[in-house]
Structures are given as structure tokens and as C-alpha cells.
Amino acid sequence: MQWSLNEIRKRETINFDEVLDLEKNLKERYPEVISLTPVHVVGTVSYEDGLYLLDYQADYTLSLPSTRSLEQVDLVNDIPVNETFVTEDYLKEEKNLLEDENVLVLERDAISLDESVADNIILEIPLRVLTPAEEENDNLPSGNDWEILSEEDYALKQEEKESEKKSPFASLDGLFD
């Protein structure tokens, strides 16, 4: 769904309540996505003093692989979005606006709800995705002669190594390896 800038200026405020199917688009842009339910979006787009304001609430469930075990994890999300758009002509007149405000410059004479929702869903994807069982269990994977350590555990092991090297002969350690 998209609106032309002329339509928004004429009507000043447009209310919408849409269900968007963005799964294919999101999988193309972010291949790790397993699935995405249809996104329910409720909000308004309006025009005010040269600014185009897009405000909405998006509800969806996103399925991603666990970053630890690759098992499917369903993330239920409800995100509020407030975006401000300006035209390039308006930005030329108000040069300080780009520095003072968080505005997006329109590349064409339309605002696309689909693009905005997809962009904001991608921005909300967490770096660390764990199943409920993995969140409860702090044991990280390990094997023969290897293990994964948290940053805190790694720092503790480094401190232990430093304290072991306080003997007078510690500097000779590894000399003949």
C-alpha cells in the first residue's frame, strides 16, 4: 500500500487499518527469516507544514533460527513506528532540518507503507535469538578440547592466567616450545 504525496496533502490525514503479507519480501532481504505472519498495521499518514508524518503500530510473529542451536524460535512483536518524511525541495529550503531532526528524504513522490513496515521489522530483529530452553540453561556448547565461553567467563580465565604468571620463572614459560 502506498500514497502519493498529492493525495496526502489534499486529505491532510489518512487513517488506515491494513493486513500486509510481507513474508516473501522479508525473506529476500533477510534470508534467515523462516516465516512471517501477515502484519496487522493500524495508523495514520498526515501532512503538516512540509513534513509527511507516518505513525503506526505493527503486530506480527516472526520465526527465526536460534543463534545457538538453529531451532525455530517464534518472536511475537508489537512495534510502534513514527517516521517523518520530507521532499528534497523542502530539504533545500530547510538545510538545518536534516541535522536537527531524524527525517527521511523521499526519493519519489509517494510513501510506501510496505517498505516502511518491512524496514522496521528488519530493524527489530535481535542479534541473539534463543529458544526458551536455551534462555533458562546457561550451558554453552563444548566438545573435545574446545568450549564456547561468555565474555565474563573469558575475562575470569584471563585473570587466572595472569595470577599464575606471577612466579619469578613465569617469563621463561614457553621459551623452549
At their closest point, which heavy atom of [X] faces which heavy atom of [Y], and how far apart are they?
X: Val86; Y: Gly50; value: CG1-O, 4.2 Å
X: Val41; Y: Ala58; value: CG2-CB, 4.4 Å
X: Ile8; Y: Ser46; value: CG2-C, 3.8 Å

Could you go through the side-chain hydrogen bond (donor to acceptor under 3.5 Å, both in side chains) check for Tyr30 and Asn25 one step at a time? CA-CA 9 Å; Tyr30 200 87; Asn25 179 347; over 6 Å; no
Nearest-0.5 Å distance, [atom1] of residue [X] to [atom2] of residue [Y]:
X: Leu20; Y: Leu26; atom1: CG; atom2: CG; answer: 12.0 Å
X: His40; Y: Tyr60; atom1: NE2; atom2: OH; answer: 15.0 Å
X: Leu36; Y: Asp21; atom1: CG; atom2: CG; answer: 8.0 Å
X: Ile79; Y: Ile121; atom1: CD1; atom2: CD1; answer: 6.0 Å
X: Leu64; Y: Leu70; atom1: CG; atom2: CG; answer: 11.5 Å
X: Glu83; Y: Leu51; atom1: CD; atom2: CG; answer: 13.5 Å

Taking only residues two or more places apart in sequence or in another chain, which ones pass side chain to side chain contact (heavy atoms under 4.5 Å, CB included) with Asp74?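 Asp74: side chain to side chain contact (heavy atoms under 4.5 Å, CB included) contacts with Thr61, Ser63, Gln72.
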Which pairs, with at least one residue in residues 42-64 and sequence neighbours excluded, count as a salt bridge (Lys or Arg N to Asp or Glu O under 4.0 Å)?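 The answer is none; no pair qualifies.
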Can I get a per-line list of side-chain donor-acceptor pairs under 3.5 Å for residues 103-110, giving both atom names and the distance, sequence neighbours left out?
residue: Arg108; atom: NH1; partner: Glu115; partner atom: OE2; Å: 3.4
residue: Arg108; atom: NH2; partner: Gln2; partner atom: OE1; Å: 3.4
residue: Arg108; atom: NH2; partner: Glu115; partner atom: OE2; Å: 3.0

Treat each ILVMFWY residue as a node, draw an edge where side-chain heavy atoms are under 4.5 Å apart, and state whether [X] and [Y] are in one component.
X: Leu54; Y: Val42; value: no
X: Met1; Y: Leu22; value: yes
X: Leu130; Y: Ile125; value: no
X: Leu62; Y: Val19; value: no

Tyr47 and Thr13 side chains, donor-acceptor separation under 3.5 Å: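 Distance-only check fails for Thr13 and Tyr47.
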Counting distance only, does the side-chain N/O of Lys27 pair as donor-acceptor with the main-chain N or O of Ile34 below 3.5 Å?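 Answer holds: yes.
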Partner residues of [X] under the side chain to side chain donor-acceptor pair (under 3.5 Å) criterion, sequence neighbours left out:
X: Arg29; result: Asp119
X: Gln158; result: Tyr154
X: Asn6; result: Arg9

Looking at Glu151, I'd like to know if its CD atom is crowded, meaning that more than 12 non-hydrogen atoms belonging to other residues, nucleotides or ligands lie closer than 6.0 Å.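 No.
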Is there a side-chain contact between Ser4 and Ile111, using heavy atoms and a 4.5 Å cut-off?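 In short, these two side chains do not touch, never coming nearer than 4.5 Å.
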Do Pro80 and Tyr56 have side chains that get closer than 4.5 Å, going by heavy atoms?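 They are not in contact (no side-chain heavy atoms under 4.5 Å apart), so the answer is no.
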Going through the checks in order, is the side-chain contact (heavy atoms from CB on, under 4.5 Å) test met by Glu7 and Ile14? CA-CA 9 Å; Glu7 178 185 0; Ile14 300 171; 4.1 Å; yes
Trace of the ring pair (Phe, Tyr, Trp, His ring centres under 6.0 Å) decision for Trp3 with Tyr52: CA-CA 11 Å; Trp3 303 277; Tyr52 298 90; over 10 Å; no
